[in-house]
Amino acid sequence: MSTIFGTSTAAFFERSLMDLTALRKQAEDTQAEMSTGQRLQRSSDDPVAASRLRQLARAGVFDDIDTAATNRATTDLTLTDTALSQFASIVTRLQELTTQAANSTVNDSQRAGIGEEIAQLRGSLVALANSRDGNGNALFGGESAADAYTLDASGNATYAGTSAAGTISIGGGQSVARGVTGPEFLQFQSGGGTVDLLAMTKALADDLKSGAGGVATANAALTALGDGLNAITTAQTVVGSRLNWIDLNTERRTTLSEMRTTEQTEVGGADLTESIARLQNTMLVLQASQASFAKLANLSLFSVLN
């Protein structure tokens, strides 16, 4: 009998302790769920849901990468658009000065003064052509890190960049060119041939300053400047369309991100109200079980006989 009694008592204590331990763990899991806001604390809680959450998390990481790349492309294209606006303003001023020089009432001395200002504006054009992007690379030099244009001893500008601007992936299998190269808008068709804006404005300034350039030179330059302004405007249109394309992709990515967040909440998120109710119920059962165990553990045959 003593063996049966001892075995039954040990089994009772072991089973009771297992039950109490399970209740405590359930309470701890519920508390962790409430503090983290996540229903799943480990993959074994729901393997299928845990797998889906990992997929969503990976998608979120790639989305962060695409967002950083998109921000860089937006920054570079915005800088490009701003610089092109400045190019357009300078060319507009060059047109005004050249129109003055084309006036037959203007003498050579006055044209020389106009030539000096045109030379200064041409220097501004070169400086703009060598603008830098957000990473310090040549804005209009394609993928070159150095200056887009170099000047020789005579002040002639030569393009030193790559043939095309670099492209940036913006997610969803889409990519966009981060800018335009200098030759794409500083070289254009005019009068049946290719004209380089930097070379043309230098020649115009030199001719006006030397007195060799007169009404005919100024009139010819006016036509080229008009075509040059059109080339700049066209480049602005291209840059603007790329920015719009980025905006559309950003909206799509934002929508997908919101959908992903909603799904993450549905798959792995915890319902705080339900968690609180479950914790209260678990604690109530735990306390009752502890009280019952303590009372039963103190019982003996003598207690029954008495």
Side-chain angles (χ1 to χ4, degrees), residues 80-132 138-142 144 146-165 179-239:
T80 300
D81 184 61
T82 300
L84 288 172
S85 295
Q86 294 174 329
F87 270 112
S89 296
I90 293 175
V91 172
T92 299
R93 177 56 182 164
L94 286 171
Q95 287 178 310
E96 294 173 355
L97 292 171
T98 305
T99 299
Q100 294 177 20
N103 192 326
S104 59
T105 61
V106 175
N107 57 42
D108 290 344
S109 176
Q110 290 172 320
R111 288 195 180 92
I114 293 172
E116 289 290 348
E117 185 173 350
I118 290 176
Q120 293 176 4
L121 291 173
R122 191 261 183 179
S124 297
L125 289 175
V126 173
L128 267 178
N130 284 327
S131 299
R132 298 286 172 170
L139 185 62
F140 297 107
S144 174
D147 286 343
Y149 285 85
T150 59
L151 297 178
D152 61 17
S154 300
N156 298 307
T158 302
Y159 181 66
T162 61
S163 59
V180 293
T181 63
E184 287 183 68
F185 64 96
L186 292 177
Q187 291 180 0
F188 48 89
Q189 295 298 309
S190 181
T194 300
V195 176
D196 185 292
L197 181 63
L198 299 181
M200 186 271 292
T201 51
K202 181 180 185 301
L204 176 61
D206 291 343
D207 287 347
L208 292 177
K209 287 191 295 182
S210 67
V215 174
T217 299
N219 282 326
L222 275 175
T223 300
L225 287 172
D227 293 333
L229 186 58
N230 290 335
I232 294 171
T233 302
T234 300
Q236 282 184 293
T237 302
V238 171
V239 170

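Count residues from 1 along the sequence. This one's a predicted model, so the numbers in the text were calculated from it and none came from an experiment.
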Which pairs would a plain distance check flag for residues 193-201, meaning a side-chain donor or acceptor within less than 3.5 Å of a matching protein atom at least two apart in sequence or in another chain?
| residue | atom | partner | partner atom | Å |
| --- | --- | --- | --- | --- |
| Thr194 | OG1 | Gln189 | NE2 | 2.7 |
| Asp196 | OD1 | Leu198 | N | 2.9 |
| Asp196 | OD1 | Ala199 | N | 3.0 |
| Asp196 | OD2 | Gln187 | NE2 | 3.3 |
| Thr201 | OG1 | Leu197 | O | 2.8 |
| Thr201 | OG1 | Leu198 | O | 3.1 |

TODO: Identify the heavy atoms of Ala157 and Arg122 that sit nearest to each other, and give their distance.
DONE: N-NH2, 3.6 Å

- [ ] Any chance you could lay out the side-chain contact (heavy atoms from CB on, under 4.5 Å) test for Thr158 and Asp152, step after step, and finish with the verdict?
- [x] CA-CA 8 Å; Thr158 302; Asp152 61 17; 5.5 Å; no

Task: Nearest atoms (heavy-atom pairs only) where Leu204 meets Ala221 - done: CD2-CB, 3.8 Å

Task: Ser144 side chain vs Ala146 backbone, donor-acceptor pair below 3.5 Å - done: yes

- [ ] Decide, yes or no, whether a salt bridge links Asp147 with Arg132 under the criterion of side-chain N to carboxylate O below 4.0 Å.
- [x] yes

Task: Steps toward side-chain contact (heavy atoms from CB on, under 4.5 Å) verdict (Lys209, Asp206) - done: CA-CA 5 Å; Lys209 287 191 295 182; Asp206 291 343; 4.1 Å; yes

Open item on the list: For Arg111 and Ile118: C-alpha separation, side-chain torsions, deciding distance, then whether side-chain contact (heavy atoms from CB on, under 4.5 Å) applies.
Closed with: CA-CA 10 Å; Arg111 288 195 180 92; Ile118 290 176; over 6 Å; no

- [ ] Specify the closest pair of heavy atoms between Ala102 and Leu222, including all atoms of both residues, with the distance to one decimal.
- [x] CB-CD1, 4.3 Å

Task: Inter- and intrachain pairs under ring pair (Phe, Tyr, Trp, His ring centres under 6.0 Å), touching residues 182-238, at least two apart - done: Phe87-Phe185, Phe140-Phe185

- [ ] With the side chain counted from C-beta on, respond yes when Leu97 and Leu208 share a heavy-atom pair under 4.5 Å apart, and no when they do not.
- [x] no

Task: side-chain hydrogen bond (donor to acceptor under 3.5 Å, both in side chains) partners of residues 214-230, not counting sequence neighbours, each pair once - done: Ser190-Asp227

- [ ] Report the residues that fulfil side chain to side chain contact (heavy atoms under 4.5 Å, CB included) with Ser163, sequence neighbours left out, ordered by chain and then residue number.
- [x] none

- [ ] Mind listing the closest non-hydrogen atom pair of Leu186 and Ala129 along with its distance?
- [x] CD1-CB, 4.1 Å

Open item on the list: Can you give me the closest heavy-atom contact between Ala160 and Thr150, atom names plus distance?
Closed with: CB-CG2, 4.0 Å

Open item on the list: To the nearest 0.5 Å, what is the distance between CG on Leu125 and CG on Asn130?
Closed with: 11.5 Å

Task: Set of residues satisfying side chain to side chain contact (heavy atoms under 4.5 Å, CB included) with respect to Gln110, sequence neighbours excluded - done: Val106, Asn107

Open item on the list: Taking salt bridge (charged side-chain N to carboxylate O under 4.0 Å, His left out) as the definition, give me every residue that meets it alongside Arg93, ordered by chain and number, with sequence neighbours left out.
Closed with: Glu96, Glu117

TODO: Determine whether Thr99 and Asn103 make a side-chain contact, defined as any pair of heavy atoms from C-beta on separated by less than 4.5 Å.
DONE: no

Task: From CA spacing to verdict: side-chain contact (heavy atoms from CB on, under 4.5 Å), Thr181, Tyr159 - done: CA-CA 9 Å; Thr181 63; Tyr159 181 66; 3.5 Å; yes

Task: Gap separating the CG atom of Asp81 from the CD atom of Gln86, nearest 0.5 angstrom - done: 10.5 Å

TODO: Quick one: pull up CG in Leu225 and CD1 in Ile90 and give me the separation to the nearest 0.5 Å.
DONE: 12.0 Å

Task: Nearest non-hydrogen partners of Thr162 and Gly142, listed with the distance - done: OG1-CA, 3.2 Å

TODO: Give, for atom OG1 of Thr234 and atom CG of Leu229, the distance between the pair rounded to the nearest 0.5 Å.
DONE: 9.5 Å

